Asker: 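First the structure, which I've put down as structure tokens, then a few questions once you've had a look.
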Amino acid sequence: LDGEPIMRAEPVYLLLYKPKGYLTTYTDPEGRPTVYDRLPPLSTGRWISVGRLDFNTSGLLLFTNNGELANKLMHPSSGIDREYLVRVQGEVSKEQLQQLRDGVQLDDGLAKFTDITIGGGKGANTWFYCTLMEGKNREVRRLWEAQGCRVSRLKRVRYGQILIPSYVRMGQWVELGLAETTLLCE
């Protein structure tokens with residue numbers, strides 16, 4: 001521009017295993033920690049989170065400096081599913097599970113899990129793997145609350161085809177390799 005070369009930032013893609021107690025925002029007026037505090041600095045541009053996780057939710061968060069791709073990955077028309085591991089307090093019947101698959105009317109519209117499988121435990125502290133196609137605000141918790149159950153633990157374990165690698169510990173980030181980056185771009 002005006003005789004000077006313009007440096008284009010190379011796209012970078014990270015996976016963060018978000019711990020509970022962090023906000024998915026750049027700053028907090030109350031001074032609480034944010035996920036951006038845990039990320040490495042970029043030489044140019046800024047990190048963009050692909051979706052959000054609330055303060056009390058842990059798990060997989062993706063970040064990039066590629067705004068166009070981030071927007072495509074988050075848009076409901078992309079059809080990308082998100083899977084959560086949920087510990088539910090309260091007895092859960094087969095009818096409740098079917099209702100969660102069929103759909104529950106929430107304040108902001110109909111919501112449902114596209115898949116639910118038992119992940120372990122029994123009785124009043126059972127774990128479930130729950131899959132969503134969208135990520136409305138606190139949707140997983142609100143769906144379970146509509147069934148009279150309380151979510152005591154919530155962790156995102158998958159975004160599309162991207163899983164948290166077993167070697168990544170809570171609070172750590174890793175740069176995605178070529179295989180994972182290709183999956184995101186496809």
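Everything numeric here is computed off the predicted structure, so don't read it as measured data.
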Asker: Measure the spacing between CG of D28 and CZ of F55 and express it to the nearest 0.5 Å.
Answerer: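 Separation between the atoms: 8.5 Å.
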Asker: Verify the neighbour count for atom OH of Y36: are there more than 12 heavy atoms of other residues, nucleotides or ligands below 6.0 Å?
Answerer: yes
Asker: Do T25 and R52 come within less than 4.5 Å of each other through their side chains, counting heavy atoms only?
Answerer: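 SC-SC contact between T25 and R52 confirmed.
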Asker: Rounded to the nearest 0.5 Å, how far apart are CG of L69 and CE of M74?
Answerer: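 CE of M74 is found 9.5 Å from CG of L69.
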Asker: Is it true that D54 and R141 make a salt bridge, defined as a side-chain N closer than 4.0 Å to a carboxylate O?
Answerer: yes
Asker: Please answer whether the main-chain N or O of G67 pairs with a side-chain N or O of N71 as donor and acceptor at a distance below 3.5 Å.
Answerer: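 Looks like yes, one N/O pair under 3.5 Å.
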Asker: Tell me whether Y84 is reachable from M170 by hopping between hydrophobic residues (I, L, V, M, F, W, Y) whose side-chain heavy atoms are closer than 4.5 Å.
Answerer: no
Asker: Give the C-alpha distance, both sets of side-chain angles, the deciding distance and a yes or no for side-chain contact (heavy atoms from CB on, under 4.5 Å) between R158 and D81.
Answerer: CA-CA 8 Å; R158 184 173 58 82; D81 59 349; 2.9 Å; yes
Asker: Just verifying a value: how many Å separate Y129 OH and L85 CG, rounded to the nearest 0.5 Å?
Answerer: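 Y129 OH to L85 CG: 4.5 Å, rounded to 0.5 Å.
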Asker: For the residue pair I162 and L183, establish whether any side-chain heavy-atom pair is separated by less than 4.5 Å.
Answerer: yes
Asker: With a 3.5 Å cut-off and no angle check, do the side chains of N66 and Y13 form a donor-acceptor pair?
Answerer: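 Yes.
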Asker: For the side chain of Q96 and the backbone of Q147, is there at least one donor-acceptor N/O pair under 3.5 Å apart?
Answerer: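 Pair found, side chain donor or acceptor close to backbone of Q147.
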Asker: What closest approach, in Å, do S77 and H75 show between heavy atoms, and which atom pair accounts for it?
Answerer: OG-ND1, 2.8 Å
Asker: Kindly work out whether a path of hydrophobic side-chain contacts (I/L/V/M/F/W/Y, heavy atoms less than 4.5 Å apart) joins L42 to L176.
Answerer: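 The answer is no; the residues belong to distinct hydrophobic clusters.
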Asker: Would you call R142-D107 a salt bridge at under 4.0 Å N-O?
Answerer: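 Salt bridge: no.
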Asker: If we ignore hydrogens and angles and just use 3.5 Å, is the side chain of T114 paired with the main-chain N or O of T131 as donor and acceptor?
Answerer: yes
Asker: Kindly assign one of parallel, tilted or perpendicular to the pair W144 and F113, based on the angle between their ring planes and the thresholds 30° and 60°.
Answerer: tilted
Asker: Of the non-hydrogen atoms in A70 and I48, which two are nearest, and what is the gap between them?
Answerer: CB-CG2, 3.8 Å
Asker: Check whether N65 reaches the backbone of V12 with its side chain - one donor and one acceptor, N or O, closer than 3.5 Å.
Answerer: yes
Asker: Which heavy atom in V88 sits nearest to a heavy atom in C149, and how many Å separate them?
Answerer: CG1-CB, 3.3 Å
Asker: What I'd like to find out is whether the side chain of K72 reaches to under 4.5 Å of the side chain of S78, using heavy atoms alone.
Answerer: no
Asker: I'd like to know whether F128 forms a side-chain contact (heavy atoms from CB on, under 4.5 Å) with V140, so could you lay out the CA-CA distance, the side-chain angles of the two residues, the decisive distance to 0.1 Å, and finally the verdict.
Answerer: CA-CA 11 Å; F128 294 91; V140 173; over 6 Å; no
Asker: Against Y17, only a single residue in R156, K155, R38 fulfils side chain to side chain donor-acceptor pair (under 3.5 Å); can you say which?
Answerer: K155
Asker: So, for T126 and G120, which heavy atoms are closest and what is the spacing to 0.1 Å?
Answerer: CG2-O, 3.4 Å
Asker: Report yes or no: does E139 contribute a side-chain atom to a donor-acceptor pair with the main-chain N or O of L143 at less than 3.5 Å?
Answerer: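 No; zero donor-acceptor contacts below 3.5 Å.
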Asker: Let me confirm one number: the CZ-SG distance from R101 to C130, rounded to the nearest 0.5 Å.
Answerer: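 Rounded to the nearest 0.5 Å, the CZ-SG separation comes out at 9.0 Å.
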Asker: Are V104 and L154 connected into the same hydrophobic cluster when the rule is that any two of I, L, V, M, F, W, Y join if their side-chain heavy atoms are below 4.5 Å apart?
Answerer: yes
Asker: What's the shortest heavy-atom distance between F63 and L39, and which atoms?
Answerer: CD2-CD1, 3.6 Å
Asker: When rounded to the nearest 0.5 angstrom, what is the spacing between OG1 in T57 and NZ in K18?
Answerer: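 Reported to 0.5 Å precision, the distance equals 6.0 Å.
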Asker: Can you list the steps and then say if V92 with L97 is a side-chain contact (heavy atoms from CB on, under 4.5 Å)?
Answerer: CA-CA 7 Å; V92 180; L97 293 176; 3.6 Å; yes
Asker: Find the distance between CD (E145) and CG (L106) and round it off to the nearest 0.5 Å.
Answerer: 9.5 Å
Asker: Would you find more than 12 non-hydrogen atoms of other residues, nucleotides or ligands less than 6.0 Å from Q98 atom CD?
Answerer: yes
Asker: Yes or no on side-chain contact (heavy atoms from CB on, under 4.5 Å) for V35 and L16, after CA distance, side-chain angles and deciding distance?
Answerer: CA-CA 8 Å; V35 293; L16 171 70; 3.8 Å; yes
Asker: If we check side-chain contact (heavy atoms from CB on, under 4.5 Å) with L15, which of these qualifies: L62, L61, V50?
Answerer: L62
Asker: Same hydrophobic cluster for L163 and Y159, using side-chain heavy-atom links shorter than 4.5 Å among ILVMFWY?
Answerer: no
Asker: Taking the cut-offs as 6.0 angstrom to the six-membered ring centre and 45 degrees off its axis, would you call R32 and Y22 a cation-pi pair?
Answerer: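 The answer is no; the distance or angle limit is not met.
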Asker: Which atoms form the tightest heavy-atom contact between L110 and G103, and what is the distance?
Answerer: CD1-C, 3.7 Å
Asker: Does Q89 offer a backbone N or O that forms a donor-acceptor pair with the side chain of R150 under 3.5 Å?
Answerer: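 No; judged by distance alone, with no hydrogens or angles, the pair does not exist.
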Asker: Say whether V174 and L73 are linked into one hydrophobic cluster, either directly or through other cluster members, by side-chain heavy-atom distances under 4.5 angstrom.
Answerer: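 They do share one cluster, since a chain of ILVMFWY contacts under 4.5 Å joins V174 to L73.
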Asker: Is a side-chain donor-acceptor pair under 3.5 Å present for S58 with R153?
Answerer: no
Asker: Side chain of Q172, backbone of R169: donor and acceptor closer than 3.5 Å?
Answerer: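 Yes; at least one donor-acceptor contact below 3.5 Å.
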